[in-house]
Structure formats: C-alpha cells, structure tokens
2 protein chains.
Amino acid sequence: MNKSASQSDDGALARPTTKDLARVAGVSRATVDRVLNGREGVKKRTVDKVHAAIEQLGFVRNIAAANLAKSRTYRFLFILPQSGDQFHGEILRHINEAQTAFTADMVTTSVRLVDQNDPFEIAALLASLSPETVDGVAIMAPETPQVRDAIHRLQERGVHALPFISNQTLNGDKWVGIDNHAAGATAGTLMGRFLPNRAGKLAIIADSILSRDSLERRSGFDHVVNSEFPHLTALPSLETYGSQVRANHIISETYRHQKDIVGVYILSSEARGPLSAIWNVALPQNIVIIAHERTPCTENALVDGTLDAVITQDPGHLVRSAVRKLRAMTDGRSTLRSQEKIRIEIILKTNL
Amino acid sequence: MNKSASQSDDGALARPTTKDLARVAGVSRATVDRVLNGREGVKKRTVDKVHAAIEQLGFVRNIAAANLAKSRTYRFLFILPQSGDQFHGEILRHINEAQTAFTADMVTTSVRLVDQNDPFEIAALLASLSPETVDGVAIMAPETPQVRDAIHRLQERGVHALPFISNQTLNGDKWVGIDNHAAGATAGTLMGRFLPNRAGKLAIIADSILSRDSLERRSGFDHVVNSEFPHLTALPSLETYGSQVRANHIISETYRHQKDIVGVYILSSEARGPLSAIWNVALPQNIVIIAHERTPCTENALVDGTLDAVITQDPGHLVRSAVRKLRAMTDGRSTLRSQEKIRIEIILKTNL
DNA sequence: ATTATTTTGATGCACGTGTCTCAAAATATG
DNA sequence: CATATTTTGAGACACGTGCATCAAAATAAT
C-alpha cells in the first residue's frame, strides 16, 4: 500500500502537498503542475492518474502558498452612487472598516462615487477600467442600456463584474443583495399582522417607482396584503423624487383626503424625507409605519416609536460578501451558498 | 526622502515587505523579525525605529506567507451535545459544509459529542486536550463548576477556549452567540404586536428553565410583555424535560384550565415536542405561537401556519464566527466586531 | 529504421516570512 | 585599559506552489 502522506511528529496526518500527489500518481511535480493548472500537452491517461491521486489523498491546493508564489493581489473597485443617502454611507463605512481585514487577505478595495442619473458617466468609467489595474468591480447602478453594454464589454476584457445590491438583471448567483420581492412581502406580512382587526388604507411612499427595487418591493407587498389581509387596501405609490418639500406635500395631502389610513410603508432605502414629513404632519399615534434599511435615522425612529419595524439587509455582510464573491470569481472558484445568502432582517425596538 | 516601497510595473504601489521595513528603519531583516515577533534583546531605541517604519509604510504582515513559513495549521474542536436536537443538527451540518472552505485556510475542525448532563465526562474530555493536538475548542455545554474549572485549566495549558452559543459566563467578546435577553424581548414584542387588542394569557414552554438561556429569554420576554402589553399575562413556564408525553400532558392540562390563552411562546431550541403537542391538542387557530431556531420542523410549521414567527440565529454564521474567533485568538489578533455580532433574526412565512 | 513530434522529468528560482547559526559591532563592567 | 555582555547583522534554509528551461523519454510519422 502506498504511503499516502507524510506523518508529522504528533501523529496527525500532514496535509498532502503537490509532492505527495506526484509520488502517489507516479509522475513528476512538473506534470502535477501541468494538470493542476490546466496546461496543454498532457496525455489523458496521465491527467486521470493525477486526478485519481487528488481524490485518493483528498488534496486541496494551498491557496495561500499559490498566491504567494504568484504574488497575487486582488484589486477590487466599488462603484457607488454619490447621493448623500445614509444607507450608502453605511456601506462606505463598512468598506473602510473591513479594509484592514481585507489587506491581510491580499485584497485592496477602492471606491468610486458616480452620479446615478448619468449612465454615460458610469459607462465611461467602466470603459476606462482594464485588467491591468483592477481585477473585479462591484457595481451599484440603475440598469440602463449604456451601463449594461459597458458591463458586458468590461467582462469581455477580463474584468469581473458583480451587480451590487440592486437594479441589475441577475444571472445565477453572480450578484449580491436581497430578494426585493420577498422583502416587500415581509413588510406586507408585518403590516398585516400588526393590524389584525383594523380595516383601512395603507399609504406607500417611494423615492421613485421607476427603479427595479421599488417595483419588486411593491409587488411583494401587494401580493401579501391582497391575498392575506383583505381588510387592508394599499393605495397607489406616492413619489417624493428625493424632495423634502414634495414629501411634506404629498403626505399631508394624502392624509387629508384619506382619513382612514392605518399604515404607511416607506419603500425607498432613504427614509429620512418621508419620516420627517410624517413628523411634520403629525399622523395619529396608532398608525403602523414600516421602512427599509437600518440607518441612524431609522434607528432613532424605532426607539422613539415613530417606526414600528425596519426591514433591512446587513451592509457589512453585503460588503464582505461582495469581496468574497469577487475573489472567488477571480480564482475561478465557487462560494458557499449559505454564507453568501443575504438575509432579509427584521428590526424592532427590542432587537436593535 | 526615503524610497518607501518598491514600485511594480503598472505603477501601483507594491505592498511593503519586511525587507522594506528593514531598509527604511535602517536595521537588518533579522532585527525586524526580532521586533515583529517580540523577541528579547532588542534596544528600545531600535524597537521604536522599526515601529516608526511600520507606521510610515503602513506595513501589514502577510499572514499567508507567515503561516506558510511556520507551516501553521489551525486545529479546532467543537464540543457539542449529543442530543438529537434539530438545531444542533444544523450546526453540525454547517461545520461539515464549511469544511472545504476551512481547509483552504489551513483550518481543520473536528467534533466531539458529549452528554450535556454529565459534567464529569465533559471535564474529562477537556482535561485530555493539550496544545500538541488542538489549538482551540468551541464549547457548548451547561455551566457547571466542573466544566468551568476544566476550561480554566485548559486555557492555562495554552489551548484557547470559546464558549459557543450558550450557557457559559461571558467575558468580553470571547464568546459566540446571541443576547438571549434581547431574543426573549423580541419574541415578546412580536407577541404583543400580533395581539394588539386581545387580552388573555400567554403559555410559555421550555425544556427546562434551569438553563441560563431559558432564564434569560424568559426574563427578556416578561420585561417587554409586562411593560408594553399589560393586556397580556405571561403564565409560569411549563417544563417538558424533553419528554413528548409530558409535553402533551402539560399543554392539554394548561389549556383545559386556562381557557383564555391567546399566545404560546416556546422557549427552548427544540420546538418539535411542544409543536406536536399543540398539534395533538388542536389549539384554536387564532392563537399566536412563537418559537426559537430555524429547523426543518419550525420551517414546516411556519409554512402551514401553525407557527407565526420564529426567532433564530444563523447556524452557519455561528460556526464561521467561532472559527474566525478561534483563529484570531491563536494569532493573538482581534476580530471585526460588526462581523462577529450574531444577529437575532425574525423569520415569518414570507422571508423563509 | 530513421526522424519529427509529443509528452514527461529534473532542476532551479521566486514569492514573504520564520527561524536558525555565527560573527561582528556596540555597549557595559571591571 | 581589557574584558564580558548585550545588541545587531549577514547569511542560509524552510514552507507549498507557480513558472521557466532544457534534456530525456515515449510515441507518431515518414
């Protein structure tokens, strides 16, 4: 029987190396290298022998040593909107916070802020990137033809691209973010459960209903409310377009015309505008209000009772997951499904 | 001005190495090594010079290369209860599932199942461990004097110990798990919010109220119910002691004597017994039932509407966090607070 | 059977750090 | 001053893998 791997002092099985592979497969280390790195000019019979040895020994490549040998560093870029949105601020904070941890893993991250409403600027930025300066890009931007094409060409040039959080068509698990339909449905369920016996109307407030996120959340919300809580009626979405004045206006107007509002659902990732509008209008205490994303603003609103629940995704997890995925993409590996699944979290006053 | 780090082809700053440190500090690589690894016999003035260079260059040790040189492998052991509990099954599953990912990081994990009720067995196991065979242990076991002492001696022998999920006194951030008081409070909040206008009694079911977890959850639950939902009254805890017969008995008895039960809170991490008892007794449809831990059983109960909400902690995150912490402890590093914070998650039918 | 081509082996260096050894230099002690 | 001691430097090798070169062996083509 073959001695399958060297034995260490304490009797534990040492981890098999390429040397062990070569010995067990009966080939040279050079050939093992050719097989492991998929180089040309190796007979199929030899390839099989090596693979059999890998199987037999349970060989796992020492990525650290490999990266050291290649002196590989991962250079990743986050492209984020430059709006002052607090949620994006949290994302930025986590990118910086994790910088030290990333450095230890040979990952360097940088951030570029772009105007969300200028697809040409985004496309131009993407066009300026090449595999010589960056290995992967996490992109948070609305899906427009320009951007979609730019992403496509970027990938063809050999730079990995990863839709980040929102607004892009998803392919397989090559994206990071939550299922917005389910997030909306969760909001709907909470709304219904918090209002078990009170028939009435639900106001729904969004920045703009044109974004993919908003549409999906709205659809999930409606689905649950219509099918499970027929005593509640979701009103058409109100759009604030990011304007505080407009937010104040539409909320007071709506409340004036619809006296039987029992709940408010704030769709957008920035709840500050709608919340202060609600504060100004002084809605009755017993209206249930649900918003998205954990920010200093929504935390405060939870604590003082203005907000009843917040549906959120963990920004730190989003950032780390993006980095892990980009790294896996550059290595041609796959990631752990369960680790990368971004949870839809529910936050109440008591689990802040 | 000093040339601070070598320049790579593409113009990007190469990451500084110990060589760069030596050059900038004006000492030899041997001395840099003495400082970095805290060896004796270096003059304070020299130590300061090196630290200044570290600061100036922003030097971060290449852990991968260091571990390679030391041929370091991390050998961790999980000590878990051998009860057939589904939640523990999930933990086990995640340990195995993440095995491949760990291997790539030079981490090998093993698992030992022990009888939770036999502190002497656990203490004996701990006593048998030495730094020669294991670097760190994640321990999930009730806190008894025997176990506490054994853990203490284990640490003195140089094996890192990490309380895992439950039942040990906590020191600083050297533990993994959720805040059970907050988890109980969350359950209480949901219960109250789901029952806004229905006065009545709440049945509370536990395996045993003697465990630290149960006590803390109960206390959090009571606090919220008493202070915020005075129309609800939490009954004394019912203990099942893991017996299905007893579960059936106490639940039917309680329901017979207390006709105005409007909610049930299942404290323990195993909800199967109480749930099937509830199923047998056929409680009225509109009773709100909340349990802990996401398992196949609680998932099914959510889908079919028996359960209204599940409070849970992500077992995969728990496992990975334990490994990261043990690794940081062995390296003498600190971990990222925000990443290791285990979230109290709320699961409804819609965010399964 | 000879030559051309493909496949394999042997060997050496590199990556960044840890860990030795031995000598040289600096400083302290008498 | 000479000597003992502390502090530092120079150098070599190791870890596991990638990558390159050149020769040797195996196989295919003529």
Side-chain angles (χ1 to χ4, degrees), chain A residues 5-6 8-9 13-50 53-54 57-74 103-106 330-333, chain B residues 5-6 8-9 13-50 53-54 57-74 103-106 330-333:
Chain A
S6 42
S8 61
D9 299 348
L13 273 180
R15 186 177 165 153
T17 70
T18 48
K19 257 185 202 161
D20 297 314
L21 267 190
R23 188 166 37 70
V24 171
V27 300
S28 72
R29 219 178 67 73
T31 299
V32 167
D33 170 69
R34 290 177 181 116
V35 174
L36 282 182
N37 297 295
R39 301 181 215 289
E40 302 275 290
V42 185
K43 272 204 300 190
K44 181 162 183 319
R45 239 182 62 82
T46 316
V47 175
D48 292 343
K49 278 199 289 183
V50 175
I54 292 177
L57 297 183
F59 172 84
V60 177
R61 189 197 306 243
N62 184 332
I63 303 177
N67 284 348
L68 177 60
K70 286 189 287 197
S71 33
R72 186 183 222 332
T73 57
Y74 303 88
T103 305
D105 289 334
M106 309 302 290
T330 1
D331 288 346
R333 287 182 296 112
Chain B
S6 41
S8 62
D9 299 350
L13 272 182
R15 186 177 164 153
T17 70
T18 49
K19 258 184 202 159
D20 298 314
L21 267 191
R23 188 168 35 71
V24 171
V27 299
S28 72
R29 220 178 66 73
T31 299
V32 167
D33 170 70
R34 289 178 181 116
V35 174
L36 282 182
N37 297 294
R39 300 182 216 289
E40 302 276 290
V42 185
K43 272 203 301 189
K44 179 156 186 324
R45 238 183 62 83
T46 317
V47 174
D48 291 343
K49 277 198 291 184
V50 175
I54 292 177
L57 297 182
F59 171 85
V60 177
R61 190 198 304 244
N62 184 332
I63 304 178
N67 284 348
L68 178 59
K70 286 190 286 199
S71 29
R72 186 183 223 331
T73 56
Y74 303 88
T103 305
D105 288 334
M106 310 301 290
T330 351
D331 289 346
R333 286 182 295 111

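The shown structure was predicted, so the numbers you read here are calculated from the model rather than taken from an experiment. A, B, ... follow the sequence lines: proteins, then strands. Residue 1 opens every chain.
Nearest heavy atom pair, residue A/Ser28 against residue A/Ala22, reads C-CB, 3.8 Å.
DNA chain D is contacted by A/Arg61, A/Asn62, A/Ala65, A/Ala66, A/Ala69, A/Lys70 of residues 61-72 of chain A, taking any non-hydrogen atom closer than 4.0 Å. A heavy atom closer than 4.0 Å to some atom of DNA chain D occurs in B/Arg34, B/Gly41, these being the qualifying members of residues 33-41 of chain B.
Among residues two or more places apart in sequence or in another chain, the side chain to side chain contact (heavy atoms under 4.5 Å, CB included) test is passed with B/Thr103 by A/Arg15, A/Val60, B/Gln99.
Heavy-atom contacts of chain A under 4.0 Å fall on DNA chain C between two terminal nucleotides, which in 5' to 3' order are C/dT7 to C/dG16.
Atom pair A/Lys19:NZ and D/dG18:P shows a separation of 14 Å (rounding to whole Å applied).
For the helix from C/dA1-D/dT30 to C/dG30-D/dC1, the rotation axes defined at the first and last 5 base pairs enclose an angle of 30°, given to the nearest 10°.
Side-chain N/O atoms of B/Asp105 and B/Tyr74 include no donor and acceptor closer than 3.5 Å.
One finds no side-chain N or O of B/Thr31 lying less than 4.0 angstrom from the OP1 or OP2 phosphate oxygen of D/dT8. For B/Ser28 and D/dG9, the shortest distance from a side-chain N or O to OP1 or OP2 is below 4.0 Å.
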Which donor-acceptor pairs under 3.5 Å do side chains of residues 42-49 of chain B form with protein atoms, sequence neighbours excluded?
from, atom 1, to, atom 2, distance (Å)
B/Lys44, NZ, B/Asp48, OD2, 2.9

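Here the straight-line distance linking atom CG of A/Asn67 with atom CG of B/Leu68 works out to 11.5 Å at 0.5 Å rounding. Note that CE of A/Met106 and CG of B/Asn62 are 5.0 Å apart. Values are rounded to the nearest 0.5 Å.
Between B/Val32 and B/Phe59, every side-chain heavy-atom pair lies at or beyond the 4.5 Å cut-off. Counting heavy atoms from C-beta outward, A/Leu21 and A/Thr17 have side chains that stay 4.5 Å or more apart. No side-chain heavy atom of B/Ile54 sits less than 4.5 Å from a side-chain heavy atom of B/Arg61. By the 4.5 Å heavy-atom criterion applied to side chains, A/Asp33 and A/Thr18 are not counted as neighbours.
Toward the 5' end of DNA chain C, the nearer of the two residues B/Arg29 and A/Val42, judged by each one's closest nucleotide, is A/Val42.
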